[in-house]
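Shown next, in structure tokens, is the structure this report addresses.
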Amino acid sequence: MAHIVVLGAGTGGMPAAYELRDELGREHQITVVSENPYFQFVPSNPWVGVGWRDRGDITFDIAPRLERRGINFIAKRCEKIDAPNSKLILDGGDVVDYDYLVITTGPRLAFEEVEGSGPAGHTHSICTIDHAEGVYSDYQKLLEKGSGTIVVGAMPFASCFGPAYEFAFILDADLRKRKMRDKVKIKYVSSEPYIGHLGLGGVGDSKGMLESAMRNHHMEWVTNAKTTKVEENKLHVEQYSEHGEKIKDLEIDFDMAMMLPAFKGVQCVADVPELCNPRGFVFVDEHQRNPTYKNIYSAGVCIAIPPVEATPVPTGAPKTGYMIESMVTALVHNIHNELEGKEPSEKGTWNAICLADMGDTGAAFVALPQIPPRNVAWFKSGKWVHLAKIAFEKYFLRKMKKGTSEPIYEKYILSLMGINRLKK
């Protein structure tokens with residue numbers, strides 16, 4: 001009997017555990033290790049930031065769900081990965097041996113890269129439920145004040161830009177519902193070279209459509225923006241040209257700011273020699289397996305993917321839900337192959353598919369493959385995306401609570417978009 005340990009219990013780790021159980025049956029032992037005892041549906045955090053959702057809506061206790069499927073759960077932080085000896089050392093000194101390790105930790109939020117940023121400084125994020133609750137707390141204060149300026153955007157080296165666009169438009173929609181939009185300015189400040197870049201070099205007409213949407217919703221923007229420092233109510237920004245030359249220094253005043261940070265690998269993963277790139281992201285081959293440690297697989301935001309293109313201010317490539325789902329399914333089958341004495345053969349599809357809510361409408365994009373030239377570059381907007389995002393939230397939470405591993409993106413999302421399923 002083999003012991004497979006899944007490190008991390010987010011949108012990659014929980015499905016990985018369920019798929020492993022379904023694929024391997026009861027013959028092998030599966031253990032999930034996570035420092036948080038609860039699952040959180042991160043894509044709903046922009047809604048939490050304006051009070052449209054609360055913690056109870058998008059989180060649930062992990063242990064009873066996993067135990068029902070015969071999966072062990074340890075709610076402790078991993079302090080060290082002893083990869084040569086296939087061991088995890090947990091907080092308090094507990095040791096967990098593994099035959100295979102699946103790393104799905106997600107990222108560490110690198111607020112330290114910009115002085116004064118983050119919840120301990122002067123900006124918010126919506127990357128965790130705790131942070132999103134902090135956003136809502138400050139948003140309520142601004143509403144009580146009755147006016148102000150909200151800055152939304154992304155720091156240098158950020159890679160997940162969709163939630164920033166979502167939050168800006170959700171703010172706009174919420175303020176309009178409150179009849180306060182005319183009292184609050186919204187400014188979008190991003191390391192992207194242009195609106196709609198999304199870390200993907202643009203998808204379809206994402207530039208034109210998002211610029212038009214921002215103009216129609218009276219949002220100002222600054223792109224090629226390198227935020228260098230944050231003081232109370234002030235963002236210090238260097239703006240660059242498309243050729244990488246600094247144009248000017250800006251000081252942007254705000255009453256509230258939500259700036260997505262750069263990501264790095266979590267410490268216990270980044271500390272393993274030869275496992276990661278310099279920013280702590282796990283190297284994987286086409287089968288989601290680490291080239292140095294053959295019994296370590298990885299999926300999700302924590303893996304190393306090169307930027308789609310060089311940009312004047314550094315940006316990274318996003319890892320969307322479809323990519324994560326595909327990576328997870330591939331590694332599960334490959335671990336099964338190895339247990340049966342076969343070589344890994346399944347490959348993930350590094351394609352980007354995203355449903356971005358915009359308050360009362362939405363935008364959806366598909367980039368197949370993620371890196372141009374593409375077979376499909378599709379970008380559409382409409383009320384249906386807003387409704388699809390709500391439906392997806394409910395479906396995914398139900399799936400995680402129930403403990404099923406049914407893939408969602410290829411079965412439902414692609415067909416909803418009228419795109420035929422492409423082979424991996």
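The figures here come from the full heavy-atom set of this structure, side chains too, leaving out hydrogens, waters and symmetry mates.
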Exercise for the section: With the side chain counted from C-beta on, respond yes when E79 and L90 share a heavy-atom pair under 4.5 Å apart, and no when they do not. Expected result: no

Problem - A364 versus W384, closest heavy-atom pair with distance - result: CB-CH2, 3.9 Å

Handout entry: Under the side chain to side chain contact (heavy atoms under 4.5 Å, CB included) test, residues paired with F73 that sit two or more places apart
Key = V32, S34, I62, A63, L66, A75

Handout entry: Cation-pi, W221 ring and K185 (6.0 angstrom, 45 degrees)
Key = no

Practice task
Compute whether any side-chain donor of one residue and acceptor of the other, for E393 and S44, lie under 3.5 angstrom apart.
Solution key: yes

Practice task
Mind checking side chain to side chain contact (heavy atoms under 4.5 Å, CB included) for H333 and listing every partner two or more places apart, or none if nothing turns up?
Solution key: E23, T329, E346

Exercise for the section: Please report the shortest heavy-atom distance between M180 and L143, naming the atom on each side. Expected result: CE-O, 3.7 Å

Exercise for the section: For R53 and W47, indicate whether the former's side chain and the latter's backbone hold a donor-acceptor pair under 3.5 Å. Expected result: no

Problem - L171 and V152, any side-chain heavy atoms less than 4.5 Å apart - result: yes

Practice task
Using atom types as modelled and distance alone, determine if a side-chain donor or acceptor of R69 lies under 3.5 Å from a backbone N or O of R21.
Solution key: no

Which atom pairs, donor and acceptor, lie under 3.5 Å between side-chain atoms of residues 293-310 and protein residues at least two apart or in another chain?
unit_1 : atom_1 : unit_2 : atom_2 : d
Y293   : OH     : P273   : O      : 2.7
K294   : NZ     : P291   : O      : 3.3
N295   : ND2    : S86    : OG     : 2.9
N295   : ND2    : D99    : O      : 3.1
Y297   : OH     : E338   : OE2    : 2.4
S298   : OG     : I103   : O      : 2.8
E309   : OE2    : H197   : NE2    : 2.7

Handout entry: salt bridge (charged side-chain N to carboxylate O under 4.0 Å, His left out) assessment of K229 paired with E231
Key = CA-CA 7 Å; K229 180 181 177 181; E231 296 177 330; 3.5 Å; yes

Problem - Sequence neighbours excluded - salt bridge (Lys or Arg N to Asp or Glu O under 4.0 Å) pairs with any residue from residues 192-207 - result: K207-E211

Handout entry: L397 to F41 - nearest heavy-atom pair and separation
Key = CD2-CB, 3.8 Å

Exercise for the section: Scan side-chain atoms only and decide if S125 and H131 contain a donor-acceptor pair under the 3.5 Å cut-off. Expected result: yes

Practice task
Indicate the atoms forming the closest heavy-atom contact of G359 with A173, along with that distance.
Solution key: CA-CB, 3.7 Å

Practice task
Return yes if some donor-acceptor pair links the side-chain N/O of S137 with the main-chain N/O of G134 below 3.5 Å, else return no.
Solution key: no

Exercise for the section: Please report the closest heavy-atom contact between P312 and G244, naming both atoms and the distance. Expected result: CB-CA, 4.0 Å

Practice task
Look only at the side chain of Y240 and the backbone of I247, and say whether a donor-acceptor pair between them is shorter than 3.5 Å.
Solution key: no

Problem - Donor on one side chain, acceptor on other, Y139 and D174, under 3.5 Å - result: yes

Practice task
Before giving the answer on salt bridge (charged side-chain N to carboxylate O under 4.0 Å, His left out), spell out for D360 and K383 the whole-Å C-alpha distance, their side-chain angles and the decisive distance to 0.1 Å.
Solution key: CA-CA 6 Å; D360 48 13; K383 177 78 171 179; over 6 Å; no

Exercise for the section: Scan for ring pair (Phe, Tyr, Trp, His ring centres under 6.0 Å) pairs involving residues 243-290, sequence neighbours excluded, and state none if there are none. Expected result: none

Enumerate donor-acceptor pairs with a distance under 3.5 Å from any side-chain N or O in residues 115-123 to protein atoms, sequence neighbours excluded.
unit_1 : atom_1 : unit_2 : atom_2 : d
S117   : OG     : F111   : O      : 2.8
S117   : OG     : V114   : O      : 2.8
T123   : OG1    : G118   : N      : 2.7

